[in-house]
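For the numbers below, each heavy atom of this structure counts, side chains included, while hydrogens, waters and symmetry mates do not.
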Amino acid sequence: MDHILVISPMYKQLRLLIDKENLPNKFRFLPEEELSESDIRWADALAAFNLKGDLDFSHVKWVHSLGAGVDRFLYQKPWPENVLLTRTVCSFGQRIAEYCLSYILKDVQFHDEFQARQYEKKWRPMTPKMLAEQKVIIYGTGEIGQATAKSLSQFGVEVYGVSLSGKPKEYFKEVLTVDSHFGKLSEVDYLINTMPLTEQTAGFFDEKVFEQVNGAGFINVGRGASVNEGALLSALNRKQLRFAVLDVFTEEPLPSAHPLWNHSGVVITPHISAVTTPEEGAACFLDTLRKIEEGTPLGNVVDRNKGY
């Protein structure tokens, strides 16, 4: 890995952190818009959040995703068999767990209702609900889903999971398959999507899913393209969903004319539930580089066939 290319909006911060290590490798640090074919030809390895679709990087030995997701590299794209793909693993699980917990607490503690009554100067008590009375179903039982399940279950929340295999996992009362989860939907208070974007998960949350829901809240911290946005809006309007908290969208930034912006039942955040900080991004990249050069096992290799 003599020549390493780092492509990122935060390339300047990454350069400062990586330069401190005084590594023998030669580095180039670039913003995404300045990446060229000659840079790719120069590199033995590269780290990036995204790659231009028209550039050929099949000759590099290793590509490292500076984010947890790798759909920008793999979804509906061919991947060279000889190129190792790894991803960033850091505090994403805890960040997303806290994000989800904050909106569930906001709901059970009636924050919006009390805020509205404050503006009206009305003293009208309501008894907050307990987390231990709630049921949550989490789609995706990997690192992020499991961290979220751990946080919620520590408060007594009854947590169910959904995965392709249905394999039992710690912190989940039960893990269902994508074929068997429908029977649980009418019972749960919240649905949380943490799934990566793959051929199997694209458009997963559609009319068939939402019509089984009985007034639950929906939190999407996975990928926007996993949700049929028309079906989501219809479910909100029909009160099948009480609200939706959306951090990810099929098109980002979300266009200003999109109807989700103005829907009273929707909370929008700008893809911040699991931000890669320069410090964490550099640390995971450097740890992966060290293990590759030492020939030690990697814990963050992406299965190209699964897409995560």
Side-chain angles (χ1 to χ4, degrees), residues 1-21 23 25-80 82-90 92 95 196-198 202 221-226 246-258 260-261 268-286 288-289 300 302 304 307-308:
M1 304 297 175
D2 295 328
H3 296 162
I4 300 177
L5 183 61
V6 179
I7 311 153
S8 170
M10 57 185 187
Y11 72 99
K12 292 180 180 178
Q13 299 98 312
L14 290 171
R15 171 184 280 165
L16 290 173
L17 293 163
I18 293 173
D19 281 350
K20 289 180 182 178
E21 302 297 318
L23 298 172
N25 318 75
K26 294 181 176 65
F27 284 87
R28 283 186 189 176
F29 298 86
L30 295 170
E32 293 175 356
E33 61 271 17
E34 293 183 13
L35 177 63
S36 68
E37 191 69 55
S38 63
D39 294 313
I40 296 288
R41 288 197 299 269
W42 171 86
D44 298 308
L46 61 92
F49 283 106
N50 194 12
L51 288 177
K52 293 181 180 179
D54 57 348
L55 293 176
D56 179 14
F57 56 93
S58 59
H59 74 282
V60 303
K61 303 172 186 176
W62 167 44
V63 173
H64 178 73
S65 170
L66 291 168
V70 292
D71 51 280
R72 292 179 178 178
F73 298 88
L74 293 180
Y75 181 60
Q76 295 184 336
K77 297 178 182 177
W79 186 262
N82 59 317
V83 180
L84 173 68
L85 179 60
T86 58
R87 66 184 185 92
T88 296
V89 176
C90 54
F92 296 137
R95 287 178 183 273
L197 179 61
T198 66
V221 289
R223 282 295 182 260
S226 296
L246 308 174
D247 187 53
V248 289
F249 303 88
T250 302
E251 182 180 354
E252 296 181 5
L254 186 65
S256 59
H258 200 291
L260 284 170
W261 281 112
I268 290 173
T269 57
H271 205 145
I272 48 76
S273 61
V275 175
T276 301
T277 65
E279 292 76 14
E280 289 183 314
C284 186
F285 165 74
L286 290 168
T288 307
L289 173 61
N300 59 339
V302 174
R304 297 188 298 270
Y308 54 89

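- What you find for Trp261 and Pro255 is that their closest heavy atoms are NE1-O, 2.8 Å.
- No more than 12 heavy atoms of other residues, nucleotides or ligands sit less than 6.0 Å from atom NZ of Lys20.
- Taking the six-membered ring where the residue is Trp, Trp62 and Phe285 present parallel rings, their angle staying beneath 30° rather than reaching 60°.
- Atom OH of Tyr11 sits about 11.5 Å away from atom CD of Glu32, to the nearest 0.5 Å.
- Residues Arg223 and Pro196 come closest through the heavy atom pair CG-C, 4.4 Å.
- Counting heavy atoms from C-beta on, the side chains of Ile7 and Leu51 come closer than 4.5 Å.
- Applying the ring pair (Phe, Tyr, Trp, His ring centres under 6.0 Å) test to His3 and every residue at least two apart in sequence or in another chain returns Trp42.
- Under the side-chain contact (heavy atoms from CB on, under 4.5 Å) test applied with Leu246, the options Leu254, Leu260, Val221, Thr269 reduce to a single match, Leu260.
- Contact check for Leu23 versus Ile4: no side-chain heavy atoms found under the 4.5 Å cut-off.
- Here the side chains of His59 and Ile40 are in contact, with some heavy-atom distance below 4.5 Å.
- Proximity of a side-chain donor or acceptor of Asn25 to a complementary backbone N or O of Met1 within less than 3.5 Å is detected.
- Contact check for Phe27 versus Arg15: no side-chain heavy atoms found under the 4.5 Å cut-off.
- The shortest distance between side-chain heavy atoms of Leu5 and Leu35 falls below 4.5 Å.
- Rounded to the nearest 0.5 Å, atoms CD (Glu252) and CG (Asp247) are 7.5 Å apart.
- Summarising the geometry of Pro9 relative to Phe49, their closest heavy-atom pair is CD-CD1, 3.9 Å, with the distance given to 0.1 Å.
- Between Ser36 and Leu55 the shortest heavy-atom distance is C-CD2, 4.3 Å.
- To the nearest 0.5 Å, atom CG of residue Leu30 and atom NZ of residue Lys12 are 12.0 Å apart.
- Using a 4.5 Å heavy-atom cutoff, the side chains of Arg87 and Val89 are in contact.
- Heavy atoms only, all atoms of each residue included: Asn50 and Arg72 are closest at OD1-CB, 3.6 Å.
- Note: Arg28 CZ to Leu46 CG = 12.5 Å, rounded to the nearest 0.5 Å.
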> When you look at Phe29 and Asp19, which way does the side-chain contact (heavy atoms from CB on, under 4.5 Å) test go after all the steps?
Replying inline: CA-CA 11 Å; Phe29 298 86; Asp19 281 350; 4.2 Å; yes
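- Between Gly67 and Phe92, the closest heavy-atom pair is C-CE1, 4.2 Å.
- Counting heavy atoms from C-beta on, the side chains of Thr88 and Asn300 never come closer than 4.5 Å.
- At a threshold of 4.5 Å between non-hydrogen side-chain atoms, the residues Lys61 and Leu84 do not count as touching.
- The distance from the CG atom of Leu85 to the CZ atom of Phe73 is 6.5 Å, given to the nearest 0.5 Å.
- Here the CG-CD distance, from Leu16 to Glu279, works out to 10.0 Å after rounding to the nearest 0.5 Å.
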